[in-house]
2 protein chains.
Amino acid sequence: MKITFKGDYALKAILDLALHYDSGELVTSFDLSQRIDAPIKFLEQVLLELKKGGFIESRRGNIGGYRLARVPGQITVGDIVRLVDGPSEPIACVNKDYSNCADIKKCIFKGIWQKVDQATSGIIDHITFEDLASQISINQKVLSYSI
Amino acid sequence: MKITFKGDYALKAILDLALHYDSGELVTSFDLSQRIDAPIKFLEQVLLELKKGGFIESRRGNIGGYRLARVPGQITVGDIVRLVDGPSEPIACVNKDYSNCADIKKCIFKGIWQKVDQATSGIIDHITFEDLASQISINQKVLSYSI
DNA sequence: ACATATCCGATGGGATAAGTAGGAAAGAGG
DNA sequence: CCTCTTTCCTACTTATCCCATCGGATATGT
């Protein structure tokens, strides 16, 4: 599992949209890029990818923008990372068919990477953006108390 | 965690040396490259890195070669992967100091990658090349029985 | 001396990451 | 219809890494 800037932007964008989900309003790529600190033209490409992946929907033109295509509770971190940054497995051979592998020494590490992949998936596939959004609002309350 | 060819070669080379550890003999880069199916000149670079990392030692000249610098039970998969392919964390910010992070939304994913890193480390740091070598010898016995 | 190995630096092709740039297409308001 | 806004789409750039390949320098046993 390797997270690129693209993946990082995608996660932050989805989180921001999750925070605006209840309002029902559209969020522009400009506003998004400001809040998550991403170059707007690069972010546009990411948003397009997220749209094609079915996670967000958009409206063009004046008062256009983006919003989540699903409830935040039905989008996981793993969903977004896999779409944008590819599969979570650490090496290519994990999900390939190596049944005809000539030498066991060449395959003995496969089991290790499978375990790593399962452990990773066990984490990222069980965290939804509803979880993250609620974490944020809790933290913001604490913050406003401490101030 | 991303495993490159270099890391894959390194792991296989260490495993091969672990299998030859009891004999006390040196293994040449040529023999290694044949058995683990790696280009010899590339493998040489990897072996040099492993030597500088303190995992193998070498002797030059005629009847030279490589052998493990430690007992196989004291070298883990994590040791080798970290040396050759870098740290196991999925994104750079995990071990950096983000205590002065302005916006919580920019940091909320950090905890996730820390968990992923811990889970990964929990696997690769507890598998030694003694474990792997014994797995191989067991499998080879089964194989010789079935033939 | 000679054959054999490791050691070491330089170089290059290909892929990927991370943006930049420019404009086409769609939609709202006047 | 015109204009402004915003998404959509493609192409290009720049840098970095990956995966080697090559040529030779250095060490070592016979």
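No hydrogens, no waters, no symmetry mates; every other heavy atom, side chains included, goes into these values.
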Checklist entry - Just the endpoints, please: which first and last nucleotides of DNA chain D, 5' to 3', lie under 4.0 Å from a heavy atom of chain B? => result D:dC19 to D:dG29

Checklist entry - So, do A:H20 and A:D16 sit near enough that their side-chain heavy atoms are less than 4.5 Å apart? => result yes

Next on the checklist: Run the side-chain contact (heavy atoms from CB on, under 4.5 Å) test against B:N62 and tell me which residues pass, sequence neighbours left out.
Outcome noted: none

Next on the checklist: Can you tell me how far apart CD1 (A:I75) and OH (A:Y21) are? Round to the nearest 0.5 Å.
Outcome noted: 8.5 Å

Checklist entry - Among all residues two or more places apart in sequence or in another chain, which pass the side-chain contact (heavy atoms from CB on, under 4.5 Å) test with A:F5? => result A:Y9

Checklist entry - Got a sec? Which of residues 21-30 of chain B come in under 4.0 Å of DNA chain D, heavy atoms? => result none

Item to check | Linked, directly or transitively: B:V71 and B:L26 (ILVMFWY side chains, under 4.5 Å) | outcome: no

Which donor-acceptor pairs under 3.5 Å do side chains of residues 124-133 of chain B form with protein atoms, sequence neighbours excluded?
from: B:D125; atom 1: OD1; to: B:R82; atom 2: NH1; distance (Å): 2.8
from: B:D125; atom 1: OD2; to: B:R82; atom 2: NH2; distance (Å): 3.1
from: B:H126; atom 1: ND1; to: B:G122; atom 2: O; distance (Å): 2.8
from: B:T128; atom 1: OG1; to: B:E130; atom 2: N; distance (Å): 3.3
from: B:T128; atom 1: OG1; to: B:D131; atom 2: N; distance (Å): 3.2
from: B:T128; atom 1: OG1; to: B:D131; atom 2: OD1; distance (Å): 3.4
from: B:T128; atom 1: OG1; to: B:D131; atom 2: OD2; distance (Å): 3.2
from: B:D131; atom 1: OD2; to: B:T128; atom 2: N; distance (Å): 2.9

Checklist entry - Starting at CG of B:L47 and ending at P of C:dC7, how long is that distance when rounded to a whole Å? => result 8 Å

Checklist outcome for this item: So CD of B:Q135 and CD1 of A:I108: to nearest 0.5 Å the spacing works out to 4.5 Å

Checklist entry - What do the steps show when you test A:T120 against B:M1 for side chain to side chain contact (heavy atoms under 4.5 Å, CB included), and what is the final call? => result CA-CA 10 Å; A:T120 301; B:M1 175 92 304; over 6 Å; no

Checklist outcome for this item: Given protein heavy atoms under 4.0 Å, the one-letter contact record of nucleotides 13-22 of chain C, with B base, S sugar-phosphate only and - none, is simply -----SBBBB

Checklist outcome for this item: CZ of A:F30 to CZ of A:R35, rounded to nearest 0.5 Å, is 10.5 Å

Checklist entry - A:D85 side chain to A:T4 main-chain N or O, any donor-acceptor pair under 3.5 Å? => result yes

Checklist entry - Measuring from A:I112:CD1 to B:I123:CD1, what's the distance to the nearest 0.5 Å? => result 9.0 Å

Item to check | side chain to side chain donor-acceptor pair (under 3.5 Å) partners of residues 64-74 of chain A, not counting sequence neighbours, each pair once | outcome: A:E57-A:R67

Next on the checklist: Using a strict heavy-atom distance below 4.0 Å, which residues from residues 49-57 of chain B are in contact with DNA chain C?
Outcome noted: B:K51, B:K52

Item to check | Degree of bending, the helix from C:dA1-D:dT30 to C:dG30-D:dC1 (end axes from five pairs; round to 10°) | outcome: 0°

Checklist entry - Rounded to the nearest 0.5 Å, how far apart are CZ of A:F109 and CD of A:Q114? => result 14.0 Å

Show me the donor-acceptor pairs, under 3.5 Å and distance only, between side chains in residues 40-51 of chain A and residues at least two apart or in other chains.
from: A:E49; atom 1: OE1; to: A:K6; atom 2: NZ; distance (Å): 3.2
from: A:K51; atom 1: NZ; to: A:S58; atom 2: OG; distance (Å): 3.1

Item to check | Remaining members of hydrophobic cluster (4.5 Å side-chain criterion), A:I63 | outcome: none

Checklist entry - Just by distance, with hydrogens left out, do A:D79 and A:T76 show a side-chain donor and acceptor under 3.5 Å apart? => result yes

Checklist outcome for this item: Per-nt protein contacts along nucleotides 24-30 of chain C (heavy atom under 4.0 Å; B base, S backbone sugar-phosphate only, - none) come out as -BBBS--

Checklist entry - About how many Å separate CD1 of B:I36 and CG of B:L15, when rounded to the nearest 0.5 Å? => result 9.5 Å

